[in-house]
**Q** 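Attaching a single structure in structure tokens format; questions to follow.
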Amino acid sequence: MRRVTYAMNTSLDGFVVDPDGGIDWGDPDEEVFRHFTDELRRTGVHLLGRRLYETMLYWDTAGQDGSLDAAELEWAALWKALPKVVFSRTLTSVRGTNTRLASGTVAAEIERLRAEPGEGEIAIGGANLAAEAAAADLIDEYRTMIHPVLVGGGTPYFPHHERRVNLELVEHRTFGSRVTYLRHRVTR
């Protein structure tokens with residue numbers, strides 16, 4: 001069965017977006033960016049909330065940006081080829097290569113994707129969408145990229161009403177930039 005993973009940058013105080021909507025504190029250095037690219041290679045489909053979709057839409061045409069380096073061009077090509085499903089209560093259409101608007105709930109979409117033949121992980125991006133999947137006990141792994149910064153508020157990585165979830169640490173790494181990666185598997 002395909003694993004469902006939730007991975008986002010987070011501040012040390014647990015936020016994915018700061019109080020002003022900023023995410024620049026999580027800009028990756030070359031080493032962290034390479035890690036994200038490696039994770040993207042293992043992804044079969046990416047589920048996104050509206051805000052993350054709008055942020056990531058840049059990468060659909062980034063390959064045309066002459067100022068990108070080889071690593072960024074590789075990321076752009078991988079992202080563009082990856083099937084993406086957007087969940088939104090406000091959008092009536094989406095654009096982007098291999099991108100479609102979800103017609104049902106995140107639980108129904110994950111059930112459908114797990115039933116289909118396919119390889120690669122089902123990645124979830126966006127704290128609100130991940131909270132919905134977590135409430136339905138659909139997340140198999142939590143992957144946090146913890147940046148050494150306190151942002152003092154914003155959108156939390158974990159929902160405040162999260163139920164108890166037992167986790168097993170299966171991988172950890174500290175990058176040269178002092179960013180720490182933790183991969184936890186849900187134990188059921």
Side-chain angles (χ1 to χ4, degrees), residues 2-11 13-28 32-33 35-37 39-40 42-60 62 75-76 78-80 82-114 120-147 149 151 153-163 165 167 179 181-184 186:
R2 295 168 79 179
R3 275 191 315 237
V4 176
T5 64
Y6 169 42
M8 295 283 291
N9 284 322
T10 181
S11 61
D13 53 349
F15 297 96
V16 298
V17 177
D18 70 25
D20 299 321
I23 58 172
D24 58 328
W25 49 265
D27 287 347
V32 171
F33 193 82
H35 174 85
F36 285 138
T37 302
E39 283 207 342
L40 190 60
R42 293 189 297 268
T43 303
V45 61
H46 206 293
L47 312 181
L48 301 96
R50 180 193 53 81
R51 283 180 284 216
L52 185 59
Y53 156 72
E54 289 171 346
T55 299
M56 297 301 289
L57 196 55
Y58 162 78
W59 291 102
D60 200 66
W75 168 271
L78 290 168
W79 183 257
K80 188 173 182 176
L82 183 68
K84 295 167 282 295
V85 182
V86 179
F87 291 81
S88 174
R89 292 177 185 89
T90 57
L91 297 176
T92 57
S93 65
V94 292
R95 53 193 171 129
T97 307
N98 295 320
T99 305
R100 68 176 174 82
L101 192 59
S103 58
T105 66
V106 67
E109 185 67 32
I110 289 171
E111 183 179 326
R112 187 185 69 71
L113 289 167
R114 282 183 164 166
E121 300 166 341
I122 301 168
I124 296 178
N128 294 330
L129 185 62
E132 202 176 314
D137 193 26
L138 295 171
I139 297 178
D140 300 305
E141 286 189 6
Y142 289 86
R143 298 174 181 177
T144 50
M145 190 67 78
I146 303 169
H147 292 260
V149 61
V151 299
T155 303
Y157 178 90
F158 296 105
H160 291 296
H161 58 278
E162 179 71 270
R163 68 191 184 347
V165 177
L167 303 171
V179 171
Y181 172 70
L182 300 175
R183 181 168 68 103
H184 288 89
V186 174

**Q** Hey, could you give me each pair passing ring-ring contact (aromatic ring centres under 6.0 Å, His included) that has a residue in residues 123-146? Not counting sequence neighbours.
**A** Tyr142-Phe158
**Q** Would Val17 and Arg51 satisfy side chain to side chain contact (heavy atoms under 4.5 Å, CB included), going step by step from the backbone distance to the final call?
**A** CA-CA 11 Å; Val17 177; Arg51 283 180 284 216; over 6 Å; no
**Q** Begin from the C-alpha positions of His35 and Met145 and carry the test side chain to side chain contact (heavy atoms under 4.5 Å, CB included) through to its verdict.
**A** CA-CA 10 Å; His35 174 85; Met145 190 67 78; 3.2 Å; yes
**Q** Got Val16 and Asn9 here, is their nearest side-chain heavy-atom distance under 4.5 Å?
**A** no
**Q** Can you name the closest pair of heavy atoms from Gly44 and Pro83 and give their distance?
**A** O-CD, 3.4 Å
**Q** Which distance, rounded to the nearest 0.5 Å, do you find between the OG1 of Thr97 and the CG of Leu82?
**A** 11.5 Å
**Q** Return the minimal non-hydrogen interatomic distance between Leu113 and Arg2, and the atom names on each side.
**A** O-NH1, 3.5 Å
**Q** Answer yes or no: is there a side-chain heavy-atom contact under 4.5 Å between Val4 and Leu47?
**A** no
**Q** Could you grab the distance from atom CZ of Phe87 to atom CG of Leu52, nearest 0.5 Å is fine?
**A** 12.5 Å
**Q** Measuring only between side-chain heavy atoms, which start at C-beta, is Tyr53 closer than 4.5 Å to Leu101?
**A** no
**Q** I'd like to check the side-chain hydrogen bond (donor to acceptor under 3.5 Å, both in side chains) partners of His184; sequence neighbours left out, ordered by chain and number.
**A** none
**Q** Using the test salt bridge (charged side-chain N to carboxylate O under 4.0 Å, His left out), find all partners of Asp60 that sit at least two apart in sequence or belong to another chain.
**A** none
**Q** Answer yes or no: does atom CD1 of Ile23 have more than 12 heavy-atom neighbours from other residues, nucleotides or ligands under 6.0 Å?
**A** no
**Q** If you round to the nearest 0.5 Å, how far is NE2 of His147 from CG of Asp27?
**A** 8.5 Å
**Q** Do the side chain of Arg100 and the main chain of Val85 share a donor and acceptor less than 3.5 angstrom apart?
**A** no
**Q** Would you please name every residue forming a side-chain hydrogen bond (donor to acceptor under 3.5 Å, both in side chains) with Ser11, sequence neighbours left out?
**A** Asp13
**Q** So does Asn98 get a backbone contact from the side chain of Lys80, meaning a donor-acceptor N/O pair under 3.5 Å?
**A** no
**Q** Please name all residues satisfying side chain to side chain contact (heavy atoms under 4.5 Å, CB included) with Arg50, sequence neighbours left out, ordered by chain then number.
**A** Glu54, Ser88, Thr90, Leu91
**Q** Can you list everything that forms a salt bridge (charged side-chain N to carboxylate O under 4.0 Å, His left out) with Arg112? Sequence neighbours excluded, please.
**A** Glu109, Glu116
**Q** Quick one: pull up OG1 in Thr43 and CG in Leu78 and give me the separation to the nearest 0.5 Å.
**A** 9.5 Å
**Q** Nearest 0.5 Å, please: how far is CD1 in Ile146 from CG in Leu182?
**A** 4.0 Å
**Q** Which pair of non-hydrogen atoms, one from Phe36 and one from Pro28, has the smallest distance, and what is that distance?
**A** CE1-CB, 4.1 Å
**Q** Taking all non-hydrogen atoms of both residues into account, name the closest pair between Val94 and Thr99 and its distance.
**A** CG2-CG2, 3.8 Å
**Q** Quick check: closest heavy atoms across Pro156 and Ala127, and the distance to 0.1 Å?
**A** O-CB, 3.3 Å
**Q** Kindly list each side-chain donor-acceptor pair under 3.5 angstrom involving residues 129-139, sequence neighbours excluded, with atom names and distances?
**A**
from   : atom 1 : to     : atom 2 : distance (Å)
Asp137 : OD1    : Arg163 : NH2    : 2.7
Asp137 : OD1    : Arg188 : NE     : 3.4
Asp137 : OD1    : Arg188 : NH2    : 3.2
Asp137 : OD2    : Arg188 : NE     : 3.4

**Q** Can you measure from CZ (Arg183) to CG (Leu167) and round to the nearest 0.5 angstrom?
**A** 12.5 Å
**Q** Which residues pass the salt bridge (charged side-chain N to carboxylate O under 4.0 Å, His left out) test with Arg143, not counting sequence neighbours?
**A** Glu39, Glu121, Glu141
**Q** Among residues at least two apart in sequence or on other chains, which ones pass ring-ring contact (aromatic ring centres under 6.0 Å, His included) with Phe33?
**A** Trp75
**Q** Side-chain contact test, heavy atoms from C-beta onward, threshold under 4.5 Å: evaluate it for Asp18 versus Val149 and give yes or no.
**A** no
**Q** Going by the rule ring-ring contact (aromatic ring centres under 6.0 Å, His included), which residues pair with Tyr6 if we only count those two or more places apart in sequence or in a different chain?
**A** Tyr157
